[in-house]
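Report on one structure; see the data block that follows.
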Amino acid sequence: MPKESFLVNRIKSVGFALRGAFLLIRTEASIKIQVFIAIVMTAAGFYFEISNTEWIFQIFAIALVLGIEGMNTAVEKISDFIQPEFDVKIGFIKDISAGAVMLVSIAAAIIGLIIYLPKIL
C-alpha cells in the first residue's frame, strides 16, 4: 500500500478537525451558548468599530474559550467511556477540566469589559 503524501495527509487532518468542530457545536449545549456569545461579541465589534488590537484580543479570547470547552468535552467523553459509573477520581478530573473552562471564560469576560465598557459609557 503506497504511503499518502504529506499534503493529502494534512488535507485529511483538516477534514477530521472540521468534522470534530461541527460535532462539538451540534451536540454540546454549552458550546452552543458560547458560539452564540461569540457571534454577539463579533457583531458588537463591528458595531463599536473596535481597533485592530481590540479585535486581536477579542478573537483570541473567543478562540481560547471555544478551544478549552472542546477539550473539556473531550475529557468528559473519555472519562465517561472509561468509567460509566460514578467515580470520585473521574469526578475530580472532570471538575478540573470544567474549572479550566471557567477560568478562561472569566478572563474573556474581563477582556470584553475592558474593550466595551468605555465605548458603552
Side-chain angles (χ1 to χ4, degrees):
M1 183 162 143
K3 187 176 178 183
E4 291 180 340
S5 73
F6 177 79
L7 182 60
V8 170
N9 207 354
R10 293 303 96 209
I11 291 170
K12 284 184 177 182
S13 293
V14 169
F16 294 140
L18 286 172
R19 184 178 72 178
F22 288 125
L23 282 170
L24 180 64
I25 293 167
R26 196 172 69 232
T27 62
E28 295 300 316
S30 58
I31 201 85
K32 288 177 185 177
I33 293 166
Q34 291 162 347
V35 167
F36 175 76
I37 292 169
I39 292 167
V40 169
M41 297 313 297
T42 300
F46 286 113
Y47 178 79
F48 287 107
E49 298 177 351
I50 63 176
S51 71
N52 287 344
T53 303
E54 291 168 329
W55 273 114
I56 290 167
F57 281 107
Q58 178 167 298
I59 290 168
F60 183 74
I62 289 169
L64 192 59
V65 169
L66 295 177
I68 297 296
E69 181 62 48
M71 293 306 299
N72 177 53
T73 299
V75 166
E76 289 180 355
K77 299 292 184 190
I78 290 170
S79 298
D80 292 343
F81 179 76
I82 292 170
Q83 179 55 274
E85 303 299 321
F86 175 79
D87 183 276
V88 173
K89 291 179 183 177
I90 294 290
F92 181 77
I93 292 166
K94 291 167 85 171
D95 288 348
I96 290 171
S97 183
V101 175
M102 185 187 71
L103 292 174
V104 297
S105 297
I106 290 170
I110 291 169
I111 289 169
L113 290 172
I114 291 169
I115 293 171
Y116 291 106
L117 267 184
K119 294 172 183 354
I120 292 169
L121 301 177

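Predicted, not measured: the structure shown is a model, and the values here were computed from it. Note that the numbering runs from 1 along the sequence shown for the chain. No hydrogens, no waters, no symmetry mates; every other heavy atom, side chains included, goes into these values.
- For an aromatic pair to be called close, the ring centres must be under 6.0 Å apart, and Phe46 with Trp55 satisfies this.
- Both Val14 and Phe22 are part of a single hydrophobic cluster, where members link through side-chain heavy atoms under 4.5 Å apart.
- Atom CZ of Phe60 sits in a sparse spot, with 12 or fewer heavy atoms from other residues, nucleotides or ligands closer than 6.0 Å.
- Within the 3.5 Å criterion, the main-chain N or O of Leu23 finds a donor-acceptor partner in the side chain of Thr27.
- Looking at Met71 and Val101, their side chains never come closer than 4.5 Å, going by heavy atoms from C-beta outward.
- Formation of a donor-acceptor pair under 3.5 Å by the Gln58 side chain with backbone atoms of Met41 is found in this model.
- At a threshold of 4.5 Å between side-chain heavy atoms, the hydrophobic network of Ile, Leu, Val, Met, Phe, Trp and Tyr places Val104 and Phe36 in two separate groups.
- Rounding to the nearest 0.5 Å gives a distance of 11.5 Å between CG of Asn72 and CD1 of Ile96.
- Atom CD1 of Ile82 sits about 6.0 Å away from atom CD1 of Ile90, to the nearest 0.5 Å.
- At a cut-off of 3.5 Å, with distance as the only test, no side-chain donor of Tyr116 or Glu54 sits close to an acceptor on the other residue.
- Counted within 6.0 Å of NZ on Lys77, heavy atoms from surrounding residues, nucleotides or ligands total 12 or fewer; the atom is thus considered open.
- Hydrophobic clustering of Ile, Leu, Val, Met, Phe, Trp and Tyr side chains at less than 4.5 Å, counting indirect connections, unites Phe57 with Phe48.
- Linking Ile, Leu, Val, Met, Phe, Trp and Tyr whenever their side-chain heavy atoms come within less than 4.5 Å leaves Met102 and Ile37 in two separate clusters.
- Following chains of ILVMFWY side-chain contacts shorter than 4.5 Å, one cannot reach Ile93 starting from Val88, and the two form parts of different hydrophobic clusters.
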**Message:** Using side-chain contact (heavy atoms from CB on, under 4.5 Å), reason through Ile31 and Leu66 one step at a time and then give a plain yes or no.
**Reply:** CA-CA 7 Å; Ile31 201 85; Leu66 295 177; 3.7 Å; yes

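- Going from atom CD1 of Ile110 over to atom OG of Ser105 covers 11.0 Å, rounded to the nearest 0.5 Å.
- Judged by distance alone, with hydrogens and angles left aside, the side-chain atoms of Lys32 form a donor-acceptor pair with the main-chain N or O of Arg26 at under 3.5 Å.
- Rounded to the nearest 0.5 angstrom, Leu103 CG and Ile68 CD1 are separated by 10.0 Å.
- With Asn9 contributing its side chain and Glu4 its backbone, the two residues share no donor-acceptor pair below 3.5 Å.
- For Glu69 and Ser30, the side-chain atoms include at least one donor-acceptor pair closer than 3.5 Å.
- Here the straight-line distance linking atom CD1 of Ile115 with atom CD1 of Ile120 works out to 11.0 Å at 0.5 Å rounding.
- Atom OG of Ser79 sits about 9.5 Å away from atom CG of Asp87, to the nearest 0.5 Å.
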